[in-house]
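A quick write-up on the structure given underneath.
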Amino acid sequence: LSSGRRAAYADYLATGADAKTVEISVAAETIAGSFELRELAAREGILTQVVDILSERLTLTEDRYQRGVVTSIELYQIQQDLNATRSGLPLLGSQIAASRGRLAVLLGRYPQEVEPLLAGEEPPLVSLDPIPAGLPADMLAARPDLVAAAFRLEATRQRVGERKAARLPSINLTGSTGTQSADLSDLVRADQWFTNFVASLTAPIFSGGRLKADQEAAEARYEQEAARYARSVLTAFQEVDAAIAAFNAQRERKLVLDEQLAVAEASADAALLRVQQGVGDYVGYLDALRTVLNVQDTQASAERELATARLNVHRALGGNWIAEQADEQDSEGDLR
């Protein structure tokens with residue numbers, strides 16, 4: 001009975017860890033959905049600006065074509081670029097609606113209630129600090145899925161003991177005499193309880209095959225649960241390695257895009273200055289401005305992918321590693 005109680009309690013704790021896993025998953029999906037919605041909204045605004053620039057560019061190109069300055073090939077190219085860019089706006093609109101709906105489900109709200117929640121708030125900045133090397137492996141012990149697997153392993157171990165104990169005789173001091181008397185003199189009378197007592201001792205012998213099979217089945221389930229736990233641990237390590245590698249890659253990509261955007265903005269500023277000084281071509285400035293917007297569009301996607309990558313590191317580790325490091329530093333400071 002004690003083994004069964006401990007097994008049931010371990011199952012209860014495993015279920016609580018499962019609930020924690022669901023909480024982390026819902027929180028992570030909500031954060032990812034927020035970044036996705038912000039990215040799509042930003043890209044829609046950028047694409048609208050590109051359409052405006054291409055429309056102005058097309059007007060200027062048509063005028064230059066009428067004056068014989070440019071060829072029809074250049075005119076057709078601008079028209080194709082404008083149409084291709086315009087065709088992307090409805091697609092982005094449908095993606096925004098779908099993203100808003102998914103986020104609303106996670107928040108337990110209607111889609112029209114999502115926008116006011118995000119309006120007026122600056123998007124959170126994703127830290128570009130690298131993941132510190134040498135994170136302790138015991139941090140994975142906080143992962144609720146590993147906690148649940150450990151408790152289930154303990155539950156199956158306790159049930160092995162429960163099955164072993166079932167093969168031993170079970171003797172009751174009361175209720176085994178077949179009478180309703182609670183008097184001690186009745187309990188110690190051989191003619192009242194000896195038959196039932198012998199039956200209690202010999203019952204496991206006659207059902208020994210079934211009880212032995214139950215024990216062997218429990219031991220097999222324990223071995224299976226041990227293998228499942230080992231696989232969970234190995235999977236956790238693999239997920240951490242993959243998440244850190246993905247974050248480092250997205251971090252490097254973001255740094256490169258920042259440099260690319262800085263160069264594009266400098267080029268656009270130089271083109272505008274030449275136009276203002278009367279020595280530059282306004283069409284060239286529009287092209288430079290379009291390049292800036294294209295880089296910004298790519299950067300909006302990169303920022304969302306960077307946020308998702310860092311979020312995946314948190315999920316793989318089962319939480320945050322920054323708070324733990326700060327606590328360690330504070331402890332070291334107290335020691336000094």
Side-chain angles (χ1 to χ4, degrees), residues 34-100 111 114-116 118-126 128 250-308:
S34 174
F35 275 106
E36 179 188 33
L37 185 58
R38 291 180 184 277
E39 176 223 349
L40 293 173
R43 292 188 60 203
E44 184 182 42
I46 292 173
L47 204 62
T48 301
Q49 295 182 58
V50 173
V51 169
D52 294 339
I53 290 176
L54 287 175
S55 298
E56 186 176 1
R57 179 78 162 77
L58 178 61
T59 300
L60 294 175
T61 304
E62 288 176 343
D63 178 70
R64 299 177 72 183
Y65 174 73
Q66 295 294 334
R67 292 186 286 110
V69 179
V70 300
T71 64
S72 59
I73 295 178
E74 183 176 347
L75 176 63
Y76 293 149
Q77 183 63 50
I78 297 299
Q79 289 176 337
Q80 291 176 1
D81 291 345
L82 177 59
N83 291 332
T85 306
R86 280 177 175 169
S87 66
L89 284 174
L91 180 60
L92 270 178
S94 65
Q95 291 176 346
I96 290 174
S99 178
R100 187 186 299 113
V114 173
E115 290 295 339
L118 302 178
E121 293 185 3
E122 291 294 330
L125 298 177
V126 180
L128 292 177
Q250 293 296 337
R251 175 176 172 272
E252 293 297 327
R253 181 191 180 202
K254 177 65 168 56
L255 293 175
V256 172
L257 286 175
D258 288 344
E259 295 179 1
Q260 183 178 356
L261 179 60
V263 172
E265 289 176 342
S267 176
D269 292 340
L272 178 60
L273 181 61
R274 288 175 58 83
V275 171
Q276 293 173 343
Q277 293 175 345
V279 295
D281 186 6
Y282 186 72
V283 172
Y285 166 68
L286 291 179
D287 290 340
L289 193 59
R290 179 186 171 192
T291 300
V292 172
L293 292 174
N294 287 337
V295 176
Q296 288 179 348
D297 181 69
T298 303
Q299 194 175 48
S301 299
E303 289 176 351
R304 193 260 302 173
E305 292 170 359
L306 175 67
T308 302

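Just so you know, these numbers use all the heavy atoms, side chains as well, and skip hydrogens, waters and symmetry mates. Please read these numbers as outputs of a predicted model, since none were measured by experiment.
When all heavy atoms are compared, the tightest approach of Ala268 to Ala288 is CA-CB, 3.8 Å. Residues Ser301 and Glu39 approach most closely at OG-OE2, 2.9 Å, considering heavy atoms. In plain terms, the two heavy atoms of Thr291 and Ala264 that are nearest each other are CG2-CB, 4.3 Å. For the pair Glu36 and Ser99, the tightest heavy-atom approach, listed with the atom from each and the gap, is OE1-OG, 3.3 Å. Annotation for Ala300 and Arg43: closest pair CB-CG, 4.0 Å, computed over non-hydrogen atoms.
Inspection of the Tyr285 and Gln276 side chains reveals no N or O donor paired with an N or O acceptor under 3.5 Å.
Rounding to the nearest 0.5 angstrom, the gap separating the CG atom in Leu89 from the CD atom in Glu44 is 6.5 Å. Distance check: Leu47 CG to Leu40 CG gives 11.5 Å after rounding to the nearest 0.5 Å. A distance of 14.0 Å separates CZ in Arg304 from CZ in Arg38, rounded to the nearest 0.5 Å.
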Is there a side-chain contact (heavy atoms from CB on, under 4.5 Å) between Val263 and Glu259? Walk through the geometry before answering.
CA-CA 6 Å; Val263 172; Glu259 295 179 1; 5.6 Å; no
From CA spacing to verdict: side-chain contact (heavy atoms from CB on, under 4.5 Å), Thr298, Arg253:
CA-CA 11 Å; Thr298 303; Arg253 181 191 180 202; 3.9 Å; yes
CA sep, side-chain torsions, deciding dist, call: Ser87, Leu91, side-chain contact (heavy atoms from CB on, under 4.5 Å)
CA-CA 7 Å; Ser87 66; Leu91 180 60; over 6 Å; no
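For the pair Glu305 and Lys254, the salt-bridge criterion is not met [side-chain N within less than 4.0 Å of a carboxylate O].
Proximity of Ser55 to Arg86: side-chain heavy atoms (C-beta onward) are separated by under 4.5 Å at one or more points. The closest side-chain heavy-atom distance from Arg57 to Tyr282 is not below 4.5 Å. Looking only at side-chain heavy atoms (C-beta outward), Leu272 and Leu289 stay at 4.5 Å or farther from each other. Side-chain contact between Glu265 and Gln296: present, with at least one pair of heavy atoms (C-beta onward) separated by less than 4.5 Å. Side chains of Asp258 and Gln299 form a contact here, defined as non-hydrogen atoms less than 4.5 Å apart.
Evaluated for a side-chain contact (heavy atoms from CB on, under 4.5 Å) with Ile53, the options Leu58, Thr85, Leu82, Leu293 yield exactly one hit, Leu293.
Atom CZ of Arg274 is surrounded by 12 or fewer heavy atoms from other residues, nucleotides or ligands within 6.0 Å.
Residues that satisfy the salt bridge (charged side-chain N to carboxylate O under 4.0 Å, His left out) test with Arg64, not counting sequence neighbours, are Asp281.
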With a cut-off of 3.5 Å and sequence neighbours excluded, list every side-chain donor-acceptor pair involving residues 73-81.
unit_1	atom_1	unit_2	atom_2	d
Gln77	NE2	Asp81	OD1	3.0
Asp81	OD2	Arg290	NH2	3.4

